[in-house]
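Report on the following structure.
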Amino acid sequence: MEKEKIRELVAEMTLEEKAGLCSGSDFWHTKAVERLGIPAIMMSDGPFGLRKQDDKADHLGINDSIKAVCFPAGCATASSFDTDLLEELGETLGEECRAEKVGVLLGPAMNIKRSPLCGRNFEYYSEDPLLSSRLAGAYIRGLQSKGVGASPKHFYANNMEKRRMTSSSELDERTEREIYLASFEQAVREAKPWTIMCSYNRINGTYAAQNEEALTHILRDEWGFDGLVVSDWGASDDRVPDLKAGMDLEMPSSGGINDRKIVAAVQDGTLSEAVLDTACERILDIVFRAAEAQAEGCGNFDREKDHEKAAEMAKECMVLLKNDGMLPLRAGEKVAVIGKYAVKPRCQGGGSSHINSSRVESFLDAVAGMPGIFYKAGFDDASDETNEGLLAAAVKAAEEADKAVIFAGLPDLYESEGYDRDHMKLPPNQELLIREVAKVQPNTAVVLHNGSPVEMPWIREVNAVLESYLAGEAVGRAQKELLYGEANPCGRLAETFPIRLEDTPAYLNFRVEKEKVHYREGVYVGYRYYDSVKRDVLFPFGHGLSYTSFEYTGMEADRTSVTEKETVKVSVSVKNTGDMEGKEVVQIYVAPPESPVGRPAKELKGFAKVSLKPGEEKTVTVELDRRAFAYWDEQLHDWKVYRGEYQILAAASAQDICLSCSVQVQPEASAHTIYTRNTALGDIMADPEAMQKLAPILGRMKQESQPETEQSEAEQSEAGKEAITEKAQQEMMLNMPLRALASFGGVSDEQIEQILGMLNN
Ligand code: BGC
């Protein structure tokens, strides 16, 4: 509906109707205003299947929802590194929503994986904001192309489940911008979601729902968001300040309590009616977008067809972490298939995203009828205790087989929405099973089912590991095709697998202290930390093996020097040098030069997935713009690029750099550092742009203070000693503020002001 018509409609609404429109009528619907022809629309979870509840509503996945298709969870789809796949997932879900008359699907979930312990990591995409934002953007585009609104969530800094409704995420501006906001930014700017869901938590003391800076200044004014902001279910602590901050729609219904508060606030003048009108206009805009799409006709929810799509997707997501040659399996080999998850796979997580799957295809379903398969349960996933009988039977079967494949993973109770993990280990009974089987069977593979990394103290004892993540209802089919080499693994880790929990950057701070969660590791999240401190990891970000091999050649940049307004195109060729068709994920990282601010050793700035037949070669091109080189400057409250030589790396993982080239980035004309009397001389001297301005002045001062004289030999040797002292003096000087030139450098106050004028001009 046109904006003008919406404004007219709002003008006709009573104050009570307007207040009422700003919260749900029940758990899943907005309120209709029949006398004005305003329909209600339905929202449903998301994000990787349709959790539509007819009655018995809840937001924790406890009560039933309609039978639907469970696609791979966010942890899995992210490992595809495939924007086309995410777009197709969005389109498919869009069709399903249309068929079920759902106007907004609550997803994608795209918070950053700050620690492997967050109970909800299985829903989220990555530790890297660029990857997260691009994948989410593709999902949003696909979904909305079907006339169904997306609701990227949870905006923002909601990275642990413990006390998620009250705790305050304490983080600095640079960390917000470079990591936690960045995860949403590109998706919002480019895919234009209809809605965005604000998170439960506080951010630096202010509830996300009341955060005007985030909901209005950043989201709308900077990023151009033009949809509505909806609360996470029950995230409104104080409805009137929420509205003023830009949180338009409260879900679910407040039972009329908050409607009355809004009416009272307008009547007593504490809330401007114009603010309420704006929220109503935004809500009606989305209500009519959804209603108009539905009026065009229903989509088709073909569960069988979508199950096939879920199988295809799962294949693209699984990550072959280790393979010393044991895989692929050969048909006819005698394989001991061990572990409960071969029959009852863990394929999705718990909580609001939980899908009532119409059909789950396990590994044993997929290999039914194949000769040579012997199944043993091995462990009981309802307990951590070893069941000696199950263990002994599994070990015996492994001993008698050609190969053993153990289907292990995290039990449902280990990870879920609503709480976090306490540790990063598999249950002890499964660890023991893996070790005991590996002792008797020299060809042992482990297939994992988990939403977040686990420690693998047994890694050297096994020959292969396939990470399935939570791969959706067709998980078993994908596992069978990948394990038997009917398909080639092509997933890559969207997160680092650390060796031990203690190695993780947030280890000391992943806790709620007096209702605060301190993000003290700052921008050093995931590989940004491990690479910067050169910490060994179990499997790096971006890692994933294939049954074929790839060779990178001919990396080049289309220019060697760029200014802030230019982009640089980086190309690299990749060849399939093996004998099986396969896909490679080319990752482009940028490593900054030394600069006055600490920066991660490198950051992902582009990626592309290419499919190659044996012998085939393709060239991948990634375009890097100013943001690829920038960091967030807290003084300027803006992105800033330092001049210097940036290394551009073409890599197969964060730790497998294949080729590199460099580009000289020129200083910016617009955003420069603001210098004060108290800026350290070292900071000024490290800024080439500032030094260009300052050098002539310093030179003049030096000349004036010590005129040059000829030196005798003795004087020169004395001078040698003095050079050392001079060096020390220089080092000390670097730490002095500019104003110290007045005390120690014979510079007048006026001259200092002059210098500042030049530097800041
Ligand atoms: C979750 C959201 C979900 C909502 C509705 C909340 O508990 O955090 O992700 O969309 O419930 O089920």
Side-chain angles (χ1 to χ4, degrees), residues 23-30 41-66 68 70 73-75 93 97 100 102-113 118-125 132 136 139-140 143 148-167 169 183-184 193-203 207-209 227-237 247 249-254 286 348-356 415-420 451 470:
S23 62
S25 67
D26 59 17
F27 221 80
W28 300 117
H29 296 88
T30 58
I41 58 165
M42 182 173 201
M43 306 182 194
S44 278
D45 286 307
F48 35 86
L50 183 53
R51 191 175 78 95
K52 182 185 173 193
Q53 291 186 313
D54 286 333
D55 40 26
K56 287 194 248 135
D58 75 284
H59 64 302
L60 293 172
I62 297 164
N63 297 324
D64 250 7
S65 47
I66 60 162
C70 176
C75 55
L93 290 167
C97 286
E100 289 295 330
V102 169
V104 172
L105 189 69
L106 304 175
M110 50 190 299
N111 293 97
I112 288 288
K113 299 185 186 202
C118 172
R120 217 171 170 180
N121 275 3
F122 71 88
E123 263 187 81
Y124 301 148
Y125 290 131
S132 174
Y139 174 112
I140 296 167
L143 180 69
V148 175
S151 196
K153 61 191 187 181
H154 312 84
F155 189 67
Y156 68 100
N158 174 193
N159 311 92
M160 75 191 296
E161 289 299 283
K162 190 169 183 188
R163 302 279 168 86
R164 64 174 171 161
M165 295 185 80
T166 49
S167 68
S169 301
S183 178
F184 288 88
W194 291 10
T195 84
I196 193 159
M197 186 190 292
C198 75
S199 55
Y200 283 125
N201 52 291
R202 302 172 208 239
I203 300 150
Y207 271 112
L228 70 83
V229 176
V230 59
S231 69
D232 197 344
W233 266 231
S236 175
D237 175 54
M247 200 281 274
L249 176 64
E250 177 194 11
M251 286 301 287
S253 160
S254 70
I286 299 307
Q348 61 169 324
S352 61
S353 64
H354 198 86
I355 299 303
N356 183 2
E415 52 182 353
S416 165
E417 176 179 343
Y419 56 91
D420 300 306
L470 303 180

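Read the numbers this way: they start at 1 and go in the same order the structure lists the ligands and their atoms. Treat the numbers as computed from the prediction; the structure is a model and nothing was measured.
- Contacts of ligand 1 (protein heavy-atom distance under 4.0 Å) are Trp28, Asp45, Arg51, His59, Leu106, Arg120, Lys153, His154, Arg164, Met197, Tyr200, Asp232, Trp233, Ser352, Glu417.
- Ring pair His154/Tyr124 is perpendicular by interplanar angle, where above 60° counts as perpendicular and below 30° as parallel.
- Partners of Glu100 under the salt bridge (charged side-chain N to carboxylate O under 4.0 Å, His left out) rule, at least two apart in sequence or in another chain, are Lys52, Arg303.
- For the pair Asp26/Pro252, no side-chain contact is recorded, criterion being any heavy-atom separation below 4.5 Å from C-beta on.
- Here the OH-CG distance, from Tyr139 to Leu93, works out to 5.0 Å after rounding to the nearest 0.5 Å.
- Here the side chains of Trp28 and Ile41 are not in contact, with every heavy-atom distance at 4.5 Å or above.
- Ion pairing between Glu417 and Arg164 holds under the 4.0 Å rule for side-chain N and carboxylate O.
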